[in-house]
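Worksheet for the structure shown next.
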Amino acid sequence: MKKLWTVFVLVIVLSFGVLGWVGVRIYQQAPPIPRQVVTPDGAVVIDAGAIERGQNVWQALGGMQIGSVWGHGSYVAPDWSADWLHREAIHILDAWAREEGAASYAALSDERRAALRSRLQASIRPNGHDDASGVLTIEPVRARAFAANAAYLAEVFGRGREDYAIPAGTLTDPGAQRDLAAFVFWSAWASTTLRPGDTVTYTNNWPHEPLVGNTITGDALVWTGVSVILLLAGIGAMAWWHSARPPEPLPEVTPESDPLIGAMTTPSQRATVKYFWVVSALILVQILLGVIAAHYGVEGDGFYGIPLSQVLPYVLARTWHTQLGVLWIATAWLAAGLYIAPVIGGVEPRGQRVGVNLLFGALLLIVVGSMVGQWMSVMQQLGTGDAWFYFGHSGYEYIELGRAFQIGLFVGLLLWLGLVARAIGPALRRRDEQRPILVLFTVASVAIAGFYGAALAYGKHTNLAIAEYWRWWVVHLWVEGFFEVFATVVITFLFARLGLVRLATAGRSVLLASTIFLSGGIIGTLHHLYFSGTPTFVLALGSVFSALEVVPLMFVGFEAWENLRLSRARPWVQAYKWPIYFFIAVAFWNTIGAGLFGFMINPPVALYYMQGLNTTPVHGHTALFGVYGMLGIGLMLFCLRALKPGLAWREGWIAAAFWAINGGLTAMVVLSLLPIGLLQTQAAVDVGYWYARSAEFLQTGVMDLLRWLRVVGDTVFALGAVTLVAFVGALATGHAYRRPGGPGQDAG
């Protein structure tokens with residue numbers, strides 16, 4: 001065991017050492033933000049501070065939830081970087097074509113078009129930024145292109161654009177409109193300008209835009225090949241290890257009856273029930289917002305004829321949809337930790353229930369307060385000062401909370417850590433067979449509380465490349481990393497509480513699994529940053545370690561089989577069948593959603609064309625909900641089951657919910673998201689990334705049909721969620737329990 005702990009610590013230290021070193025290099029090599037943009041004759045195109053102000057305008061409006069920048073964000077509006085770059089290129093080429101007497105660039109012969117493309121690339125790819133003065137010099141024709149694009153953006157955000165789900169009046173202040181244009185120009189400039197002393201752009205030639213010479217790089221091709229080879233090698237090694245590994249022994253004596261029957265629950269455990277009520281309510285609200293956000297893709301200014309965008313524009317619907325998804329999942333896991341902590345410690349600390357209730361109130365305040373602030377920010381009611389930053393919309397996907405609410409959530413997580421630590425303290429002081437897994441539980445708890453602090457690492461004017469680095473610390477390391485370790489430990493403790501697993505052997509297994517997962521998962525964070533203004537070596541590290549991250553996910557079927565085996569250990573275990581089935585669903589979606597669909601978009605070549613297309617929500621829905629959402633639901637049901645183990649459930653409700661949720665999620669992906677994403681990928685390869693995200697491509701008959709087909713999966717999924725929430729509510733009222741000897745005794 002000591003060797004395993006040594007390896008675990010080494011993996012953590014070395015991995016974060018690499019991630020920290022990469023962060024330093026990103027700070028050093030991030031695309032510079034020009035102090036001023038001028039033409040050779042000194043005419044000012046963009047004045048001092050406009051780019052930073054424009055970034056703040058973009059953030060306050062919803063940022064990544066109103067289209068995307070560098071491929072990160074929502075999917076209805078364009079990627080503004082790619083769209084600006086293409087429009088800029090066409091404007092310049094048309095201007096040169098008119099100088100030659102042609103009506104437009106498209107009217108020229110193939111030979112002349114090739115010559116003008118070569119001239120364009122020679123004009124805009126060299127780096128015209130002077131580091132000493134901070135001045136960027138561009139040609140007059142590019143300055144005129146800036147003016148044309150700025151006017152176009154002002155019209156889109158001022159008058160609205162139904163195809164993009166942007167309502168009229170979204171941004172009306174002329175100064176703010178021009179600042180927004182300055183920021184979008186900068187993001188496109190970084191995408192097409194060569195790094196000093198290099199042959200690729202700041203974004204590693206992303207997006208694919210043949211007009212300006214943005215094509216796939218040799219590094220992306222090579223490291224894609226290496227990642228595939230490592231994936232195959234890793235799968236082979238894991239297969240050998242699994243075949244040579246002896247099965248984990250069951251406890252010498254499995255209880256004849258449920259050991260929880262007759263056991264007393266503590267006041268703090270009973271206080272966690274309200275968390276699960278809130279989880280259930282947030283699930284419903286999140287799904288409703290997801291339906292609304294998806295519908296905006298076909299009816300950009302309303303919901304079945306209702307002018308909903310006037311009070312709930314797409315950007316808010318999607319903001320709350322993604323934010324509530326993270327919050328309800330995290331709340332379910334936190335509540336599970338609070339529930340199990342007194343079980344681990346064996347005592348109820350004095351005042352624990354008060355702390356649990358205080359944390360509950362704080363979480364409610366953060367959820368409601370942040371949503372109100374985001375509405376005010378997007379509706380331009382918080383001004384252009386600091387109010388939007390602290391109480392409005394951060395602009396960054398998955399960490400949308402304003403800074404004050406981010407701080408509040410961080411403090412709340414520290415409070416949660418304190419509650420858990422004081423409850424498990426007595427057990428930590430005992431050096432018995434559960435200590436190894438208990439130490440891992442503590443490590444994961446500290447990481448959960450601490451890693452959200454990365455959301456506080458960016459400031460109001462932080463370079464986007466640096467803000468993206470810290471954002472993925474939260475999204476990948478907090479949500480996808482240590483929460484999974486924490487959940488694995490909690491599930492093991494719950495099974496041990498039932499007497500179905502031996503903590504002595506389970507501790508070794510969980511420690512080994514966590515080591516394998518984190519060995520790829522920590523540095524694998526970098527696969528999100530290939531084209532976000534990061535140095536080229538990020539391609540190498542991200543592709544290699546994200547491939548290793550996928551390897552253990554290919555074998556979680558063993559975990560599903562083990563859980564199914566446990567569910568059949570004794571007849572009384574059938575009472576826990578449906579919580580265990582949700583754990584089995586986690587294993588399935590880990591393989592499909594996180595593993596298969598994750599690797600589909602992870603290699604550099606794939607992500608070069610797929611980033612920000614509908615292949616991303618394929619992975620997002622099947623991994624975030626399929627893995628972490630199912631885990632949250634499973635933990636919630638397990639705790640609710642353990643609170644009243646002597647009462648049997650009416651299982652028909654929860655059975656219907658389970659199959660509808662999983663069936664609806666499958667249909668949503670197979671019938672709609674995946675086909676749309678693959679067609680977009682083909683368009684990105686054949687024409688360019690801008691076209692795959694454009695209204696010209698997305699607002700066609702085939703794409704409309706595929707978006708409407710999502711209704712099938714969404715409806716089934718929503719019905720399953722409503723049934724689940726109704727079941728949880730019926731548990732509270734007692735209607736979900738069978739009456740002994742009554743007509744419900746044998747009811748399914």
Side-chain angles (χ1 to χ4, degrees), residues 1-28 223 226-227 229-231 233-235 237-238 241 436 439-455 457 466 468-489 508-530 532 534-556 590 594-595 598-599 602-604 623 627-628:
M1 198 70 172
K2 184 177 180 180
K3 290 182 179 179
L4 277 179
W5 277 112
T6 301
V7 174
F8 177 78
V9 171
L10 282 175
V11 165
I12 297 291
V13 172
L14 293 177
S15 296
F16 277 108
V18 171
L19 200 58
W21 172 76
V22 171
V24 171
R25 298 299 299 274
I26 290 174
Y27 270 85
Q28 294 171 340
W223 289 109
V226 171
S227 70
I229 292 171
L230 285 175
L231 175 66
I235 290 175
M238 284 289 288
W241 178 73
V439 172
L440 192 59
F441 177 86
T442 304
V443 169
S445 299
V446 171
I448 286 171
F451 275 98
Y452 187 77
I466 297 168
E468 275 290 85
Y469 170 76
W470 289 116
R471 182 172 77 94
W472 285 110
W473 269 63
V474 178
V475 180
H476 189 92
L477 291 174
W478 186 62
V479 177
E480 299 181 38
F482 285 97
F483 257 125
E484 180 147 339
V485 175
F486 173 79
T488 303
V489 175
R508 176 182 294 272
S509 297
V510 172
L511 179 58
L512 181 59
S514 300
T515 302
I516 293 173
F517 176 75
L518 293 176
S519 64
I522 295 174
I523 302 177
T525 305
L526 298 175
H527 81 263
H528 298 286
L529 301 173
Y530 294 153
S532 298
T534 56
T536 303
F537 62 78
V538 169
L539 281 170
L541 291 171
S543 59
V544 167
F545 283 90
S546 64
L548 295 177
E549 182 183 6
V550 171
V551 169
L553 299 179
M554 296 290 99
F555 289 86
V556 293
N590 239 329
F599 192 73
N602 276 6
V627 178
Y628 305 105

Nearest 0.5 Å please: distance from the OG1 atom of T534 over to the CD1 atom of I466. 12.0 Å
Where do H527 and H476 land on the side-chain contact (heavy atoms from CB on, under 4.5 Å) test, with the steps shown first? CA-CA 10 Å; H527 81 263; H476 189 92; 4.0 Å; yes
Minimum-distance pair of heavy atoms, taken over all atoms of S227 and P603: OG-CB, 4.3 Å
If every non-hydrogen atom of W472 is compared with every non-hydrogen atom of V475, which pair is closest and at what distance? CZ3-CG1, 3.3 Å
side-chain contact (heavy atoms from CB on, under 4.5 Å) assessment of W478 paired with I448: CA-CA 6 Å; W478 186 62; I448 286 171; 3.9 Å; yes
Distance (rounded to the nearest 0.5 Å) between T442 OG1 and F486 CZ: 10.5 Å
Distance (rounded to the nearest 0.5 Å) between L231 CG and S543 OG: 11.5 Å
Counting only N and O atoms by type, is there a donor-acceptor contact under 3.5 Å from the side chain of Y530 to the main-chain atoms of N602? yes
If you take all heavy atoms of F545 and S519, which pair is closest and at what distance? CD2-O, 3.4 Å
Please tabulate, for side-chain N and O atoms in residues 3-25, each donor-acceptor pair with protein atoms closer than 3.5 Å (sequence neighbours left out).
unit_1, atom_1, unit_2, atom_2, d
T6, OG1, K2, O, 2.9
S15, OG, V11, O, 2.7

Rounded to the nearest 0.5 Å, what separation is found between the OG atom of S546 and the CZ atom of F599? 7.0 Å
From CG (L477) to CG (L518), nearest 0.5 Å: 9.0 Å
Heavy-atom closest pair (W473 atom, A454 atom, distance to 0.1 Å) is CB-CB, 3.6 Å
Give, for atom CD1 of I26 and atom CG of L529, the distance between the pair rounded to the nearest 0.5 Å. 5.5 Å
Taking all atoms of both residues into account, what is the closest heavy-atom pair of T525 and I522, and its distance? OG1-O, 2.7 Å
L539 and W223: which non-hydrogen atoms are nearest, and at how many Å? O-CB, 4.2 Å
